[in-house]
Amino acid sequence: MKTIRLIILALVLGQLCPAQELTPNTKFGKPTDQELNLTTYAAEPNAPALQLCRMTDVAYDMFNGELKLIITEKVKIKILTEEGKEFADIQVPYLASDIVGNIKATTYNIENGKQVKTKMANDQIFRKKVDENNMLLSFSIPQVKAGSVIEYQYRIERESYGNINTWYAQRSIPVLYAQYDLVIPEWLKFKVEESGTHPFEKKVGNTSVTFHVKGNELNLSGMQYRFVGQRLPSLKDDDFVWSIADYCNKVTCELGGIFIPGSVYKNFSQTWQGIDNQLWDDEDFGGRLLQENPFKNEMTQAGIATMSNIKDKARAILQLLQEKLKWNGKYALWGKAANTVLKEGSGNNADLNFILISMLKDAGLTAMPVVLRTRDSGRIPLTHPSLRFMNTFIVGVQDKGDEIFFLDASASYGDVNMLPSLLLVEKGRVMRKGTGSSWTDVQTIANGKTTTDIHATLTEDGLLTGKAVSKYEGNDAYAKRRAYNQAEDSAAYVKKFAEKHNIDISTYQLEGAKAYTPTATQTMDFSQQANATTDIIYLNPVILPLIKEAPLTAEKRALPIEFPYKDIDRTNIYIKLPANYHIETLPSATHVADKDGKLTYSLTFKQEEQTLIIQQTFSVDQLFFQPSSYESIKKVFDTMVEKSQMMIVLKKK
C-alpha cells in the first residue's frame with residue numbers, strides 16, 4: 001500500500017509540475033542536455049526540426065581604404081525526426097563578387113550516454129555559379145540523425161556595401177530564438193523597417209564605430225539595431241498564399257544615401273519616376289526597346305498589316321512570335337539582343353517580350369512594358385521605390401481610348417488578357433516615356449468561368465451513360481489548356497481524368513486546345529457503374545465533382561487565404577431514371593458561403609417526371625480573404641467534399 005501511495009503521489013506531482021519549458025540557448029559549441037534530449041517541440045508537435053538559435057550580425061569594416069559589408073551567420077538546429085535530416089543540407093546564395101569564408105559545421109549526438117561531436121571536412125563544401133552575378137554555397141553536415149543537434153556558421157565579405165539582404169526571422173520549421181544585429185556607420189543612411197505578425201523585441205541606439213586605416217584609427221558614430229524574435233511558428237508555402245514572404249517576420253534595409261564629410265555626398269533616395277528613368281537609360285532595358293523587328297518579312301507574308309481589329313492584330317503577332325521562338329521557362333527584367341535570342345532559338349520572357357514590342361510597334365500599335373514583381377516574389381512595397389523589387393515585365397497594348405490590354409510571351413496557353421497566375425499582380429508599372437508612367441491592377445483582367453452540361457441515362461442494372469460538355473472561359477481555359485498540353489500525351493490526360501472521376505471515357509475532344517482563343521470546350525462520352533441490387537440503386541448524382549478532398553484541413557489559420565483570380569463554376573446535370581424506379585428521398589438543397597458571401601457553393605435537386613435535375617455552382621468573387629474568414633471558407637470546401645460523396649437511393653416501384 002505504501003508503494004501504491006508513492007506512485008499516486010508521483011503522478012499527482014507530475015501533473016502539478018509540467019515539463020520544463022525549453023529555454024533559448026544563444027551559446028554555440030556545446031549544446032545543453034535539454035537541447036540534446038529534446039524529442040518533440042510542444043508548440044508544434046509534428047515539426048521535423050526546430051531552429052534552436054540563429055545569430056545574424058551585419059556590420060562594416062574597411063580594407064585597404066575600401067568600405068565593405070561584413071555578414072556573419074551562426075545557426076543551431078535540432079533534428080527531431082528522420083524527415084528533419086533534410087535541414088542539414090545547407091544552401092547559401094551570395095553575390096559573385098562576395099568573399100565567403102569561415103565556413104564551419106558540427107553535429108552533436110548522444111552515443112552510449114556521451115556527447116559525440118563530428119566536424120564537417122572542408123572537402124564537403126561546394127560552390128556553384130548560378131549566373132553572371134550570383135553564386136551558391138552548399139554543404140551537407142555529417143552524421144545527422146533524428147536527435148542530432150547541428151551547428152553551422154559562415155562569413156560574407158561584400159564589396160557592394162549598400163546591398164543588405166532582407167533578414168527573415170521565420171522558417172519552414174519553428175524558430176525558438178532568432179537575433180539580428182545591425183550596425184550602420186554615420187556615413188551611410190539606411191531606411192530600416194520591420195514587418196510581420198509576431199512583434200520583435202527591438203533595441204535601437206547610438207554606438208561608436210572604429211575603422212583601422214593605414215595603421216590609424218578612424219572613429220565614427222553609428223546606429224545600432226537589435227531585433228529578436230522568440231518562439232516563432234513555422235511558415236510554409238501552400239496553395240492559398242501567393243508568397244509566404246509577404247507574411248514572414250522580417251527586417252528590410254534600403255540605402256538612402258552616402259554622406260562622407262568633405263569627400264562624398266550621394267543621395268540614393270528614389271522615386272518611382274527615378275526608377276523609370278533608370279530603366280529607360282539601361283542598355284539591356286531601354287536599349288532593347290529601340291531594336292528593330294526581326295520578323296518584318298514574316299509579318300508581311302502573314303498579312304498582319306491588313307488586319308483592322310487591334311486585338312486580332314496583337315493576337316496574330318503573339319502567335320507568330322511563339323511559333324518562331326520558345327520560352328525557356330524563366331522570368332527576367334533585362335533581355336539579350338534580338339540577334340542573340342534568334343540564334344539561340346529561345347529566351348526568358350523579357351528576351352521575347354522586347355521582340356514582341358518591336359513587332360507590335362512595327363504593326364502600328366502602341367506597345368509598352370508593364371514592369372512588375374511576380375506573385376511568388378511578394379508584393380511591391382510602394383513606399384520604398386527600388387529597382388530590386390521588380391523582376392519582370394509584361395506587354396501593354398493601347399486599345400481604343402485609354403484602355404490597354406496585356407500580353408506576355410511566356411503565356412504559352414494564353415491569349416489577349418490571358419496570363420499565367422504568377423503575373424496577375426495588383427501593381428504593375430505601365431511605362432510611357434515622355435507622357436509619364438502609372439500603376440495598374442493587372443488582377444482585374446483575370447476571370448474564369450466553366451459551364452458544364454451533363455445529359456445521362458441510368459439503366460436498371462445501375463449503368464450510367466451520357467455526354468458531358470464543358471465550356472471553359474478566360475483563365476479557366478488557360479488552366480485547362482495547360483493541364484492538357486503538359487500531359488505526356490492526350491491519351492495519358494484522358495486516362496488520368498477518367499481515373500480521377502471514376503468514369504470510363506469512350507470519346508474525348510478538347511476544342512481550342514491551343515492558345516490564342518478566349519475559350520476551350522471539352523466534350524466526352526462516358527459511363528459509370530453505380531452500386532445496384534435487384535431492386536435498389538445507390539447513385540452518386542454529382543458525376544464530376546469539383547473537389548474530392550478538402551484543401552484546408554487545419555482547425556485554425558493565421559495566414560490570409562488568396563485565390564488566383566475570380567472564378568465561377570456551374571454544372572447542370574440531367575439524369576434520366578429507369579421507368580420503374582423512384583427516388584426514395586430527394587436530398588434537400590444546400591447553400592453555404594463565407595461570412596461575407598464572397599465564396600459560395602450551392603447544390604439543388606429537382607425531379608421532373610423520370611428526370612433528375614441537379615444544379616451545382618461554386619463561385620469565388622474575391623481574391624483576398626482575412627484569416628477571420630477561415631472557418632467559414634473551410635466549411636464551404638468541407639461541404640463540397642461531403643456532397644461529392646453523397647448517395648441517393650432509387651427503389652424499384
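What you see is a predicted model; the values in this text were computed from it and never measured.
- Using a 4.0 Å cut-off between charged nitrogen and carboxylate oxygen, Glu132 and Lys129 count as a salt-bridge pair.
- Side-chain N or O atoms of Asp351 include one that pairs as donor or acceptor with a backbone N or O of Asn348 at under 3.5 Å.
- Distance check: Lys313 NZ to Leu318 CG gives 15.5 Å after rounding to the nearest 0.5 Å.
- Looking only at distances, a side-chain donor or acceptor of Thr444 sits under 3.5 Å from a matching main-chain atom of Asp441.
- Shown here is Gln486, whose CD atom has more than 12 heavy atoms of other residues, nucleotides or ligands within 6.0 Å.
- Of the possible donor and acceptor atoms, one in the side chain of Asp476 sits under 3.5 Å from a partner among the backbone N and O of Lys449.
- A 6.0 Å sphere centred on NZ of Lys514 holds no more than 12 heavy atoms belonging to other residues, nucleotides or ligands.
- With salt bridges taken as basic N to acidic carboxylate O contacts below 4.0 Å, one links Lys68 and Glu157.
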Working for salt bridge (Lys or Arg N to Asp or Glu O under 4.0 Å), residues Arg155 and Asp98: CA-CA 10 Å; Arg155 179 181 185 274; Asp98 291 345; over 6 Å; no
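- For Asp362, the side chain to side chain contact (heavy atoms under 4.5 Å, CB included) partners two or more places apart in sequence, or in a different chain, are Asn293, Lys296.
- With values rounded to the nearest 0.5 angstrom, Thr519 atom OG1 is found 8.0 Å from Met418 atom CE.
- Atom OH of Tyr493 is surrounded by more than 12 heavy atoms from other residues, nucleotides or ligands within 6.0 Å.
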Worked check of ring-ring contact (aromatic ring centres under 6.0 Å, His included) between Phe563 and Phe625: CA-CA 9 Å; Phe563 290 86; Phe625 293 82; 5.7 Å; yes
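- Crowding of Lys480 atom NZ: a count of heavy atoms from other residues, nucleotides or ligands under 6.0 Å exceeding 12.
- Between the side chain of Asn249 and the backbone N or O of Leu232, no donor-acceptor pair lies under 3.5 Å.
- Geometrically, Arg429 engages Trp439 in a cation-pi contact, judged by NZ or CZ lying under 6.0 Å from the ring centre and within 45° of the ring axis.
- Salt bridge absent: Lys336 and Glu283 never bring a charged side-chain N and a carboxylate O closer than 4.0 Å.
- Between Tyr60 and Tyr161, the angle of the ring planes goes over 60°, which puts this pair in the perpendicular group of the 30/60° scheme.
- In this model, no donor atom of one side chain and acceptor atom of the other lie less than 3.5 Å apart for Trp327 and Ser410.
- Environment of CG in Asp239: sparse, with no more than 12 heavy atoms of neighbouring residues, nucleotides or ligands closer than 6.0 Å.
- For the side chain to side chain contact (heavy atoms under 4.5 Å, CB included) with Leu623, the qualifying choice from Lys566, Glu562, Lys598 is Lys566, the only one to do so.
- Between Lys250 and Glu194 there is no salt bridge, since no side-chain nitrogen of the basic residue lies less than 4.0 Å from a carboxylate oxygen of the acidic one.
- How far CG of Leu423 is from CG of Asp376: 9.5 Å, rounded to the nearest 0.5 Å.
- To the nearest 0.5 Å, atom CZ of residue Phe227 and atom OG1 of residue Thr56 are 12.5 Å apart.
- Glu426 places a side-chain heavy atom less than 4.5 Å from the side chain of Gln443.
- Atoms CG and CG, from Asp284 and Leu333 in turn, are 10.0 Å apart once rounded to the nearest 0.5 Å.
- Counting only distance, with no hydrogens or angles, the side chain of Asn349 and the backbone of Ala332 share a donor-acceptor pair below 3.5 Å.
- Atom CG of Asp131 has more than 12 neighbouring heavy atoms from other residues, nucleotides or ligands inside a 6.0 Å radius.
- Of the charged side-chain nitrogens involved, at least one lies within less than 4.0 Å of a carboxylate oxygen, so that Arg388 and Glu254 count as a salt-bridged pair.
- For the residue pair Asn475 and Asn447, no side-chain donor N or O sits within less than 3.5 Å of a side-chain acceptor on the partner.
- Ring geometry for Phe393 against Phe285 counts as perpendicular: the plane angle is over 60°, on a 0 to 90° scale with 30° as the lower cut.
- A donor-acceptor pair shorter than 3.5 Å can be found between the side chains of Arg432 and Ser438.
- From Leu407, atom CG reaches atom CD of Gln322 across 9.0 Å, with rounding to the nearest 0.5 Å.
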